[in-house]
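Being a predicted model, the structure only gives us computed values, none of them experimental.
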Amino acid sequence: MTGTDVQKEAEDSGPSGYAAARLRLLTEEARSGPPRRAALAELTDDWLTGLFAAGAEGLRGASLVAVGGYGRGELSPRSDLDLLLLHDGSDIKAVAALADRLWYPVWDLGLDLDHSVRTPAEARKTAGEDLKVQLGLLDARHIAGDLGLTASLRTAVLADWRNQAPKRLPELQELCAERAERQGELQYLLEPDLKEARGGLRDATALRAVAASWLADAPREGLADARRRLLDVRDALHLATGRATDRLALQEQDQVAAELGLLDADTLLRQVYEAARLVSYASDVTWREVGRVLRSRAVRPRLRAMLGGGKPTAERSPLAEGVVEQDGEVVLARAARPDRDPVLPLRAAAAAAQAGLPLSLHAVRRLAATVRPLPTPWPAEAREQLVTLLGSGRPTIEVWEALEAEGLITRLLPDWERVRCRPQRNAVHLWTVDRHLIETAVRASEFTRRVSRPDLLLVAALLHDIGKGWPGDHSVAGEIIAKDVAARIGFDRHDVAVVATLVRHHLLLIDTATRRDLEDPATVRSVAEAVGSQGTLELLHALTEADALATGPAAWSSWRGSLVADLVKRVSAVLAGDVPDDPEEAAPTAEQERLALEAAATGSPVLALRAQTEPPAGQEPSGDPEPLGVELLIAVPDQPGVLPAVAGVLAMHRLTVRTAELRSLHLPDGVDGSVLLLDWRVAAEYGSLPQAARLRSDLVRALDGSLDIAGRLAERDAAYPRRRGVVAPAARVSVHPAASRLATVIEVRSQDAPGLLFRIGRALEDASVQVRSAHVSTLGANAVDAFYVTGPEGAPLPGDEAASVARKLEETLRG
């Protein structure tokens, strides 16, 4: 039977004919999705038109209007019929009789009905008081009766909506936020509500309403397909259950998947999650644009008055090379060239996360369209920017989602595709696999002060469940993938092995602590053998806690934490033979010795800048050499204040210190005095490097006291107030008395920031200790610095004095 035949049967046979035609339409296997929804709406239109014609004979000034989902022509098998009987108020009695002729047949068939009877004025008044009514009227569609009456109402409602948009849109946004708080995020729920959860059909409808306001519009690419997919799943759910439900319960998922011709329930959930993620991202972008437009409208009149009617220019402040902030978003600088700068996506993402700002949709799409692939292995800057992004805390999530929405994550990390939107059928897990990995990195960022290699911790957190996209034990599969990914992003062989070990054994501590006898020496020895070193144990302890906290509240407790801590203590005792020796003093290179002799002869600092193409000590070269930064060599006659002076001058010139070594150099026989040698790797925050002569001139002034570094840095900080950005863990300063026989080792773990090394150096100078050597490294946004210090007589500090220095230094950094 054709669609026309079905409609004719409905018209000819009254309610029973409509019911039979409706049933036949819903059971036709050949018709599903949008065609079936449209056909069902058309069939229902024809039936209601017949009822209206029979009941409105002789009545003028009335029309029947479909609103809401029915108004959009999107009838699912068990959808409500949302109807408005519109009239001009001239014959109330006749309209009431008509309403009875319309509503009772609908009820007799057992269909849910949401109905109202109003004049145009009453409809507009109710819409002005009730946002949900107004949203329904935005989709008003004429079914029968006076077309002019319906058309005039539609025109008036749209005009009202556009005129009132500055007031109503914030109200709609608040409504969406409250619903999301109640229902959760569709893209992560095991039993999601397809309509009410965040990223569901209600949000898709809200985006249509925003577009109708002409104030802003959602990113359209893929949005219609996502909405169609959610509607298709709801149709299948209605048919599978025979009920008007929007909750995709576990027991119905296999049947719904079969109804849609999908492989299994996991495939179904993954498609639902992908659609919801797209709707959620579009909502975020759209509401951000609404806020920007409303702020601009509020500020513009005042600015015009101040500027004498001129057009205001949006302020742009630099965040990183090629990246600026504008209107509360991170955008690309005008001079940025994504086609020539493959690190730019990661640099922009890291800058956005550190500043706590969203990445502009336009910027992300431009990057996705034009950026070149990163070379393999990645350059050092790309790896550092990834670590900075992962270590930025909560803002990482929004930035990561923006990159993922435009396909940049899977281009950077192809293995990500297998875990993207992958459901976890475990009541303990709150998130999909990919979101759990990002949540673990966020949690791990809180523990970066606990470990000496925060970069390895953050990357292992990102990769620890990457094997869940493959068959078999995900830890075993993940170890293989982690080796490949860690090598691809540029870690050396030792670091690759550590990351692989962390991924392979990320469940070892929690499983052993909760399921094995810790009093059995064999248990502890087996863990020690698997871990291998104190450094890896330290990382695994932090990863274990971050993983559990990111799983859900049932996965971690103080009891579990105490068991794991006890196990770590026992394993650490087994590994305690690995006490670090004093660092060996490497022989100076010919250039270092030349600079040192010149500094001794002239009594003033000597420096050299050069591109560094050799890998750091301990890292094997791979492929063609590539610049890893700029090496700054400085030789200075030994004197107080060298460390804060050099660090302060570099901070003034906006140079970021990536690594730094400071040591006293023994001069050849016959040369008087001693010289401090500083071998640092630096990079410009943005722009080009200053000339060596300028750096030397400022360093001379800093050492003789004529350059007020602290004052200059304070002036700059005052001119550029600190952005809200990420709230980093507090600095942590510790003393390691067993690390050296000749000096006291003070270790600082802190968030990297302009002038950080200057503040540390000045605090150590104020404490009247001598810095015998320094070993500084910046790992993403984390600084891990070790200072070998002595008292004025050159001996290690007494225990209480060392603790006092560490405490004061920590107070300085937290102040």
Is it the case that the side chain of [X] and the backbone of [Y] share a donor-acceptor pair, with hydrogens and angles ignored and the cut-off at 3.5 Å?
X: Gln751; Y: Pro729; result: no
X: Ser360; Y: Ala363; result: yes
X: Thr396; Y: Gly393; result: yes
X: His541; Y: Glu538; result: no
X: Arg179; Y: Glu196; result: yes
X: His506; Y: Val503; result: yes
X: Thr388; Y: Ala781; result: yes
X: Glu191; Y: Arg247; result: no
X: Arg749; Y: Arg449; result: yes
X: Thr523; Y: Asp517; result: yes

State the [atom1]-[atom2] distance between [X] and [Y], to the nearest 0.5 angstrom.
X: Asp341; Y: Thr370; atom1: CG; atom2: OG1; value: 10.0 Å
X: Leu386; Y: Leu412; atom1: CG; atom2: CG; value: 8.0 Å
X: Ser392; Y: Glu398; atom1: OG; atom2: CD; value: 12.5 Å
X: Thr544; Y: Trp556; atom1: OG1; atom2: CH2; value: 7.0 Å
X: Leu237; Y: Ser76; atom1: CG; atom2: OG; value: 9.5 Å
X: Leu437; Y: Asp465; atom1: CG; atom2: CG; value: 5.5 Å

Would you say that [X] contacts [Y] through its side chain, given a criterion of any heavy-atom pair below 4.5 Å between the two side chains?
X: Asn782; Y: Ser445; result: no
X: Glu406; Y: Arg411; result: no
X: Arg422; Y: Thr432; result: no

Between [X] and [Y], does any side-chain N to carboxylate O distance fall below 4.0 Å?
X: Asp415; Y: Arg488; answer: yes
X: Arg570; Y: Glu519; answer: yes
X: Glu401; Y: Arg435; answer: yes
X: Arg394; Y: Glu439; answer: yes
X: Arg453; Y: Asp455; answer: yes
X: Arg277; Y: Asp434; answer: yes
X: Asp203; Y: Arg198; answer: no

Side-chain donor-acceptor pairs under 3.5 Å in residues 266-273, sequence neighbours left out?
{"unit_1": "Asp266", "atom_1": "OD1", "unit_2": "Arg425", "atom_2": "NE", "d": "2.5"}
{"unit_1": "Asp266", "atom_1": "OD1", "unit_2": "Arg425", "atom_2": "NH2", "d": "3.3"}
{"unit_1": "Thr267", "atom_1": "OG1", "unit_2": "Asp264", "atom_2": "OD1", "d": "2.8"}
{"unit_1": "Arg270", "atom_1": "NE", "unit_2": "Arg420", "atom_2": "O", "d": "2.8"}
{"unit_1": "Arg270", "atom_1": "NH2", "unit_2": "Glu417", "atom_2": "O", "d": "2.5"}
{"unit_1": "Arg270", "atom_1": "NH2", "unit_2": "Arg420", "atom_2": "O", "d": "2.8"}
{"unit_1": "Gln271", "atom_1": "OE1", "unit_2": "Arg229", "atom_2": "NE", "d": "3.1"}
{"unit_1": "Gln271", "atom_1": "OE1", "unit_2": "Arg229", "atom_2": "NH1", "d": "3.1"}
{"unit_1": "Gln271", "atom_1": "OE1", "unit_2": "Arg229", "atom_2": "NH2", "d": "3.2"}
{"unit_1": "Tyr273", "atom_1": "OH", "unit_2": "Leu189", "atom_2": "O", "d": "2.7"}

Under 3.5 Å, is there a donor on one side chain and an acceptor on the other for Ser777 and His775? no
Contact summary for Val531 and Leu537, nearest pair of heavy atoms: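 That closest heavy-atom pairing would be CG1-N, 3.3 Å.
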So Arg234 and Leu231, side chain to side chain contact (heavy atoms under 4.5 Å, CB included) or not? Walk me through it. CA-CA 5 Å; Arg234 186 174 69 168; Leu231 286 168; 3.7 Å; yes
Start with the C-alpha gap between Val387 and Glu384, add the side-chain angles, then the distance that decides, and say whether side chain to side chain contact (heavy atoms under 4.5 Å, CB included) holds. CA-CA 5 Å; Val387 171; Glu384 290 165 356; 5.7 Å; no
